[in-house]
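The block underneath contains the structure these notes are about, expressed in C-alpha cells.
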Amino acid sequence: MAFSIYDFTSFNQAIDKALYNALPPVWALIVEMTIIGLVFLLFYALVGLFLVYAERKVCAFMQNRVGPNRVGPYGIFQTIADFIKLLMKELITIKNSDKLLFNLAPFIVIIASFMAIAAIPFGKGLHAIDFDIGILYVIAVSSLGVVGILLAGWSSNNKYSLIGAMRSGAQIVSYELSVGLSLLTIIILAGTMQFSQIVEGQATGWFIFKGHIPAFIAFVMFLIASTAETNRGPFDLAEAESELTAGFHTEYSGIKFAFFFLAEYMNMFIVASIAATVFLGGWMPFHVGGWSGFNHIMDFIPPFIWYLGKTAFVIFLMMWFKWTFPRLRIDQLLNLEWKYLLPINLVNILVMAFIVLMGWHF
Amino acid sequence: MITRYLFYFLSILALYSAIMMLISRRQIHSVLYLTLAFFAIGGHYILLNAQFLAVVHIIVYAGAIMVLFLFTVMLLNLNTEQKSPKKMSAKIGAIVSGGMLMIVLIAILRTYDISMTHDPDLTQIGLIKNLGKVLYEDYLLPFEISSVLFLTAMVGAVLLGKKEQI
C-alpha cells in the first residue's frame, strides 16, 4: 500500500480494492460510505471548534483585546468548554409552535452544509466525490440551507424570528445570483465544471492571475456575495442583534442552537474553500515562472497544507470584513446586489468570454 | 443491483410525498412534502446519469421555487388548518376531470414501448458537455425561443410590479 502525502490516489485505490476483495460489492460500498461519513464528521467538529476560536481571537485582535485566554494555553480549549456547556443546556420547545418543523429546521441547515463539503477537493486524491458538474452541485446544495432558516423563523412563532428569516431568505436568494455568475466567469476560462479538472488547469498559474482583470473582479464579487450568502457581517441582517435580538435562532437553545452556529461557520469554510479552489489554485503550490529553485521548495510543501493555507487566508479576509465594516440596512443590501453587483457581473462574464475567444489569457 | 433498490426507494418516496403534499392540512407541510418529492425526482435523474438535469432541478425547484412558496405561505399567514372547504360539486368535478386525464394517459401509453431505449450506464447525453452540444447545435432555435419567452415573463413581472407608477 503506497502512502504518500503528496498523492493520495494510490492509497485510496488500495483501500478500495482491499474492501471489494474482502466483501460483496454492496457491503463494500456501504463500508466505504460509512468511513467517508465518519471522517467528515470528525473533520466537521474539528473545523467548527477551530473556526469559533479563530473568530474570537481575530475579533479580539481587531478590537485591541486579548480574547479567550483562560482555558488552556492561549485559551485554545475555550470552544471545547463552550461546546460542553451548550450540550448540557436545556432544550426549550415553545407552546403553540409546529414541533416537527421546529425540530427539523436545524437539521436541514446542517445537512445542506454537509452535502456541499463532499464535493470539495482537499488534495490530490483527497476527494469524496468528483462530479462532472462539481461547481453547480455545490451552488445547488448550499442554497438549500435557506429552507431550514425560513422554517426556523416561521415555526418559532416569534415576530423577530420571522423578520430575521424573511430577511435571510431575500438576501440569500438575491446574492446566490452573484455567487453563481462570478463562478461562471471562471468556468468560461477553465472550460469545465469538474473540480479536479479546474485544479489541474491551474498547474501553470492560478486562475486569478491567468484571467487578467475579469478574474480579479470575479474574485472580489465572489467574496462580497458569498459573505452575504453565509449571513455574515457586514451582511448579518438576519440576526442583527440590536434590532432582532438574534433573528431566526432566537428561540433555539442548547444543541439546536449549536447546530445553527456550527452550520454558519461551516458555510464560511465551504465558500472559502470554493474561493481557494476556483480562484487561488486549490491544492496547487505557488509557482513563479523561471524560478526553478523557488518552485522546487514550494513543491515540497504537501498539497493539503496549501489548500488549508489558502482557505485560512480567505476565512481571515471574511473575518476581517465582519469586524471592520458596519452593518448595512436591508434596502442598501438589496440595492447593492441588484443595482451594482449583478450588472457588473454580467458585463464581466461578457468580457471574460471575449478574452477567452480571442485567446488573450495566459 | 443497488440501483434497483435505489429506484424503488426513490419511487416510493416520490409517490408518498406527492400524496402527502395533497392531503396535508397545513400548507407549510405541503410545501415541505413538495420539496421532498422534487428531491426524489432529482435522485431519479441521477440514476439515469443525467447529472446536469438533476442539479438544475434541485437549484430551480427545490431551491428557488420552494423559497418563493415558503415566502408566499408565510406572508399570507396561511398557518390555519383547513377543514376541506371544497363544495361537493367541486369534488365531483375534480374526480371526473382526473379520471378523464387518466383515460387520455392510458390511451397514449397503451401502444408505447416502455422498455428502456438507452442504457443509463452507456448513454452520456446527460453530461453537461454533450447536453450543451445538443442544445446549441441540434436544438438552437427552440432553445433561443424559450429564452425569449423567459425574458417576456420577466418584463411582464416588472411591469406588474410597477403598475401604480405608469
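In what follows, chains carry the letters A, B, and so on, assigned in the order in which the sequence lines appear, proteins first and then strands, with residues in each chain numbered from 1. A quick note: this is a predicted structure, and the numbers were derived from the prediction, not measured.
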* Asked: Just wondering, do B/Val55 and A/Ile139 contact through their side chains at under 4.5 Å, heavy atoms?
  -> no

Return the [atom1] to [atom2] distance between [X] and [Y], rounded to the nearest 0.5 Å.
X        : Y        : atom1 : atom2 : value
A/Met166 : B/Leu70  : CE    : CG    : 9.0 Å
B/Ile59  : A/Tyr137 : CD1   : OH    : 12.0 Å
A/Ile133 : B/Leu53  : CD1   : CG    : 9.5 Å
B/Asn130 : A/Asp132 : CG    : CG    : 8.5 Å
A/Leu136 : B/Gln51  : CG    : CD    : 11.0 Å

Answer yes or no: does atom [atom1] of [X] have more than 12 heavy-atom neighbours from other residues, nucleotides or ligands under 6.0 Å?
X        : atom1 : value
B/Tyr61  : OH    : no
A/Tyr340 : OH    : no
A/Phe114 : CZ    : yes
A/Trp27  : CH2   : no

* Looking at A/Leu151, A/Thr192, A/Leu29, which makes the most heavy-atom pairs under 4.5 Å with chain B? -> A/Leu151

* Check B/Phe39 against A/Leu144 and note the closest heavy-atom contact, atom names and distance. => CZ-CD1, 3.2 Å

* Considering only heavy atoms, which portion of A/Ile172 lies under 4.5 Å from any heavy atom of chain B: side chain, backbone, both, or neither? -> neither

* Heavy atoms only, distances under 4.5 angstrom: which of B/Val31, B/Leu68, B/Val67, B/Val56 has the most pairs with chain A? Name it, please. => B/Val67

